[in-house]
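Notes follow once the structure below has been shown.
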Amino acid sequence: MNRENLIHLNDGAVVAFDEYGDATGVPVIFCHGWPSSRTMAQLTDEPASELGIRIISPDRPGISGSSLQPNRTLADWPRLLQRVADHLGVGEFRILAISGGAPYAYAAAVAMPERVRAIAVVAGAPPIAELSNAQGLLPLYRWMLALYRTRPELLRRMFHLARPVLSVRPPIRFRPLLLKLLMLRPCDAESLRDAAAFEAIFESQRRAWRASAEGVIADAQIYAQPWGFSVEEVHVPVRLWHGKQDRAFSFELAEEMAKRLANCKARLIDNAGHYSLPIRHMRAILEDLVSV
């Protein structure tokens, strides 16, 4: 199942979301990565259908089909998520967050513990503003973080300059070259040779850039800022999945997160990277999440 929907908010803005899996199944809200969009949840469609899970995947404000929300913060997200759940008649739900979706899942868990049954965080971003050093981050992220802190307007201009290139869909014949240029871990490169997985990851990124550089920038700024709550305030059950070969966020960072969370079971997976973990292990991730 895959349906595109729009929710019209009182201020005239819209929230776009897709649904995957089983329309009558256990509701799970999907928080996409960065830069990414709602169609990243295509990774869940087949296993969710088999397991009787309904995946609800919204675009964040300014991403793909959702309206830009000026000056938004992480604290704005739970209210928007509540609006999506209410619109669909969903009471309790679980959350699956991939990579940059992690802060949004934690924020919702803190704000709505009576509705969020559990969360699964896969290759999740840590609270970057709290890090004493950034050595556990991808070098590109370290560079962007330093530029954000010293020359934010230059970083903003670079995002706008990158948008025309990153919003173009590369021809299929160039995919092997693209995978080489990205200098991925072997496990990630191998997983992304699957055409469906490649589409889920990179088409969702392209949609984010195509809509607006400002939406991508707004997400990036939120990662660089304090979350507004401590990790220790998350009391709902957390299933934290992280690959030991993850280059974006080291598994040592995931281990530290697991120690700080009150109710967490960590799954640190050998021979899994930032992309291969959700691609290869999605069924186990979903099955584990709905068992809580």
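- Taking the six-membered ring for Trp, F159 and W209 have ring centres closer than 6.0 Å.
- A distance of 7.0 Å separates SG in C31 from CZ in R60, rounded to the nearest 0.5 Å.
- Put simply, the side chain of E203 never gets that close to the backbone of A200: no donor and acceptor are under 3.5 Å apart.
- The hydrophobic clustering, which links ILVMFWY residues whose side-chain heavy atoms are closer than 4.5 Å, places Y141 and L166 together.
- Side-chain atoms of S204 and H32 form no donor-acceptor pair, as typed in the model, at a separation below 3.5 Å.
- The CZ atom of R54 lies 14.5 Å from the CZ atom of R94; values are rounded to the nearest 0.5 Å.
- The heavy-atom pair separating G62 from S212 by the smallest distance is O-CB, 3.9 Å.
- Under a cutoff of 6.0 Å and an axis angle of 45°, R193 and F198 do not form a cation-pi pair.
- Side-chain contact between I222 and R72 is present, with at least one heavy-atom pair separated by less than 4.5 Å.
- For the 3.5 Å distance criterion, the side chains of S49 and D22 fail to qualify, holding no donor opposite an acceptor.
- Looking at L131 and L137, their side chains come closer than 4.5 Å, going by heavy atoms from C-beta outward.
- Shown here for R38 and P58, the closest heavy-atom pair between the two residues is CB-C, 4.0 Å.
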So E214 and H160, side-chain hydrogen bond (donor to acceptor under 3.5 Å, both in side chains) or not? Walk me through it. CA-CA 8 Å; E214 288 299 323; H160 280 280; 2.7 Å; yes

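- No continuous path of ILVMFWY side-chain contacts below 4.5 Å connects I285 to V292, so the two sit in separate hydrophobic clusters.
- Contact record, W34 with V216: NE1-O, 3.0 Å, taken as the closest heavy-atom pair.
- Atom CG of D188 and atom CG of L277 lie 9.0 Å apart (nearest 0.5 Å).
- Linking Ile, Leu, Val, Met, Phe, Trp and Tyr residues whenever their side-chain heavy atoms come within less than 4.5 Å places L140 and L154 in a single cluster.
- At a threshold of 4.5 Å between non-hydrogen side-chain atoms, the residues R206 and E199 do not count as touching.
- A donor-acceptor pair is defined here as one N or O able to donate and one able to accept, closer than 3.5 Å; no such pair exists between the side chain of S64 and the backbone of D59.
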side-chain hydrogen bond (donor to acceptor under 3.5 Å, both in side chains) between D219 and Y104: does it pass, once the steps are laid out? CA-CA 10 Å; D219 249 5; Y104 295 91; 2.6 Å; yes

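- From L289, atom CG reaches atom CD1 of I53 across 7.0 Å, with rounding to the nearest 0.5 Å.
- Between T44 and L96 the shortest side-chain heavy-atom distance falls below 4.5 Å.
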List the steps and the verdict of side chain to side chain contact (heavy atoms under 4.5 Å, CB included) for Q245 and H274. CA-CA 7 Å; Q245 299 299 314; H274 197 69; over 6 Å; no

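- With hydrogens and angles disregarded, no donor-acceptor distance shorter than 3.5 Å links the side chain of R210 to the backbone of V168.
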Could you walk me through whether H235 and N263 pass side chain to side chain contact (heavy atoms under 4.5 Å, CB included), step by step? CA-CA 6 Å; H235 295 293; N263 186 1; over 6 Å; no

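- With respect to L81, the side chain to side chain contact (heavy atoms under 4.5 Å, CB included) criterion is satisfied by exactly one of V116, I95, D76: I95.
- Contact annotation: the side chain of V28 never approaches that of I56 to less than 4.5 Å [non-hydrogen atoms, C-beta and beyond].
- Nearest heavy-atom pair, G33 versus S99, reported as atom, atom and distance to 0.1 Å: CA-CB, 4.4 Å.
- Considering CD of Q42 and CZ of F30, their distance stands at 10.0 Å, rounded to 0.5 Å.
- Proximity of a side-chain donor or acceptor of S37 to a complementary backbone N or O of R207 within less than 3.5 Å is not detected.
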For salt bridge (charged side-chain N to carboxylate O under 4.0 Å, His left out), just list the numbers for K244 and E252, CA-CA rounded to whole Å, side-chain angles, deciding distance to a tenth of an Å, and then say yes or no. CA-CA 8 Å; K244 291 186 177 181; E252 288 87 358; over 6 Å; no

Run the side chain to side chain contact (heavy atoms under 4.5 Å, CB included) check on L261 and V231 step by step: do they pass? CA-CA 6 Å; L261 289 161; V231 172; 3.4 Å; yes

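- Between the side chain of Y275 and the main chain of S191, no donor-acceptor pair closer than 3.5 Å is present.
- The shortest heavy-atom contact between A109 and V236 is CB-CG2, 3.5 Å.
- A salt bridge links D288 with R267: the distance from a Lys NZ or Arg NE/NH1/NH2 to an Asp or Glu carboxylate oxygen falls below 4.0 Å.
- Placement of V290 and I98 within a single hydrophobic cluster is found when ILVMFWY residues are connected by side-chain heavy-atom separations under 4.5 Å, directly or transitively.
- With hydrogens and angles disregarded, a donor-acceptor distance shorter than 3.5 Å links the side chain of D45 to the backbone of G21.
- Electrostatic pairing of E92 and R115 does not count as a salt bridge here, judged by no charged N lying under 4.0 Å from a carboxylate O.
- Annotation: side chain of Y148 is in contact with side chain of Q221 (closest heavy-atom distance under 4.5 Å).
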Report the C-alpha separation of F229 and L74 in whole Å, then their side-chain angles, then the decisive distance to 0.1 Å, and conclude whether the side chain to side chain contact (heavy atoms under 4.5 Å, CB included) test is met. CA-CA 10 Å; F229 59 89; L74 187 57; 3.9 Å; yes

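- H242 contributes a side-chain N or O that, together with a main-chain N or O of F249, makes up a donor-acceptor pair within less than 3.5 Å.
- Closest heavy-atom contact between A107 and P78: O-CG, 3.6 Å.
- Taking a 6.0 Å sphere around CZ of R151, one finds it holds 12 or fewer heavy atoms contributed by other residues, nucleotides or ligands.
- One hydrophobic cluster, built from ILVMFWY side chains closer than 4.5 Å, holds both L80 and I119.
- We find that R283 and E46 are not joined by a salt bridge, their nearest charged nitrogen and carboxylate oxygen being 4.0 Å or further apart.
- Under a cut-off of 6.0 angstrom, the local environment of CG in N71 is sparse, with at most 12 non-hydrogen atoms contributed by other residues, nucleotides or ligands.
- How far CG of L6 is from CZ of F17: 8.0 Å, rounded to the nearest 0.5 Å.
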After noting the C-alpha distance and the side-chain angles of E190 and R280, does the key distance pass the salt bridge (charged side-chain N to carboxylate O under 4.0 Å, His left out) rule? CA-CA 10 Å; E190 180 62 30; R280 293 178 177 176; 5.8 Å; no

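- Between I7 and L9 there is a side-chain heavy-atom pair separated by less than 4.5 Å.
- At least one side-chain heavy atom of I269 sits less than 4.5 Å from a side-chain heavy atom of H281.
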